[in-house]
J.: 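Here it is, the structure in full.
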Amino acid sequence: MKISDLISRIGDENVEIENLDTSFDRAKAKPGETTITFKTKQPMSSKGTEKVGMIVWMDRDEVQKAVGEYLEENPL
C-alpha cells in the first residue's frame, strides 16, 4: 500500500504531520547509523501513544519545493 492510499482510506482529517526537525531532542551519529530521540505531544496510555506515529522520510529539497509551490498557490 502506498502512503497516499493509506491517507485516502483513513481521510486527511485523521492525519497529522510532526516535523522531526523541530521535535527531535538529540541526535547521535556514527558511521552508517544515526540515532534520533524526539519528543511529542501525543498522549500515552497503556496501549501506547493515542495515535500511531510513522516517520516518513522525503527528499528535503523536494519538500521545500512542494511547500513553496503550495504557498504560492495558497497565500496565508
Side-chain angles (χ1 to χ4, degrees):
M1 174 181 279
K2 296 183 287 184
I3 192 162
S4 56
D5 294 334
L6 176 63
I7 292 170
S8 177
R9 288 175 181 270
I10 66 172
D12 286 335
E13 67 279 3
N14 295 310
V15 177
E16 293 179 20
I17 295 173
E18 186 168 358
N19 187 337
L20 192 56
D21 276 359
T22 58
S23 64
F24 84 88
D25 192 40
R26 64 182 167 266
K28 181 179 176 183
K30 60 182 181 182
E33 182 178 282
T34 303
T35 301
I36 299 174
T37 303
F38 71 99
K39 53 189 173 258
T40 184
K41 293 182 180 181
Q42 287 297 319
M44 182 73 115
S45 73
S46 60
K47 296 191 297 185
T49 51
E50 186 173 300
K51 296 184 178 184
V52 174
M54 295 182 185
I55 302 222
V56 179
W57 295 102
M58 294 175 268
D59 183 85
R60 183 176 302 278
D61 292 338
E62 291 299 319
V63 170
Q64 289 174 338
K65 179 182 172 186
V67 168
E69 290 171 354
Y70 176 83
L71 291 173
E72 284 179 13
E73 297 166 4
N74 303 281
L76 298 176

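Residue numbers start at 1 and run along the sequence shown.
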J.: Check the hydrophobic clustering (I, L, V, M, F, W, Y; side-chain heavy atoms under 4.5 Å; chains of links allowed) and say if Ile10 and Met54 are grouped together.
T.: yes
J.: Which other residues end up in the same hydrophobic cluster as Met44, if Ile, Leu, Val, Met, Phe, Trp and Tyr are linked when side-chain heavy atoms come under 4.5 Å apart?
T.: none
J.: Rounded to the nearest 0.5 Å, how far apart are CD1 of Ile55 and CZ of Phe38?
T.: 4.5 Å
J.: Membership question, hydrophobic clusters at under 4.5 Å side-chain separation (ILVMFWY): are Trp57 and Val52 in the same one?
T.: no
J.: For the atom pair CE (Met1) and CD1 (Ile7), what is the distance rounded to the nearest 0.5 Å?
T.: 11.0 Å
J.: Out of curiosity, does Leu20 fall in the hydrophobic cluster containing Met58 (side-chain heavy atoms, cut-off under 4.5 Å, transitive links)?
T.: no
J.: Under a single-linkage definition using a 4.5 Å side-chain heavy-atom cutoff for Ile, Leu, Val, Met, Phe, Trp and Tyr, are Ile36 and Val56 assigned to the same hydrophobic cluster?
T.: no
J.: Are the side chain of Ser8 and the backbone of Ser4 linked by a donor-acceptor contact shorter than 3.5 Å?
T.: no
J.: Which pairs with one or both residues in residues 44-54 pass side chain to side chain donor-acceptor pair (under 3.5 Å), sequence neighbours excluded?
T.: Glu16-Lys51
J.: Tell me the salt bridge (charged side-chain N to carboxylate O under 4.0 Å, His left out) pairs involving residues 19-35, sequence neighbours left out?
T.: Asp21-Arg60, Asp25-Lys39, Lys30-Glu33
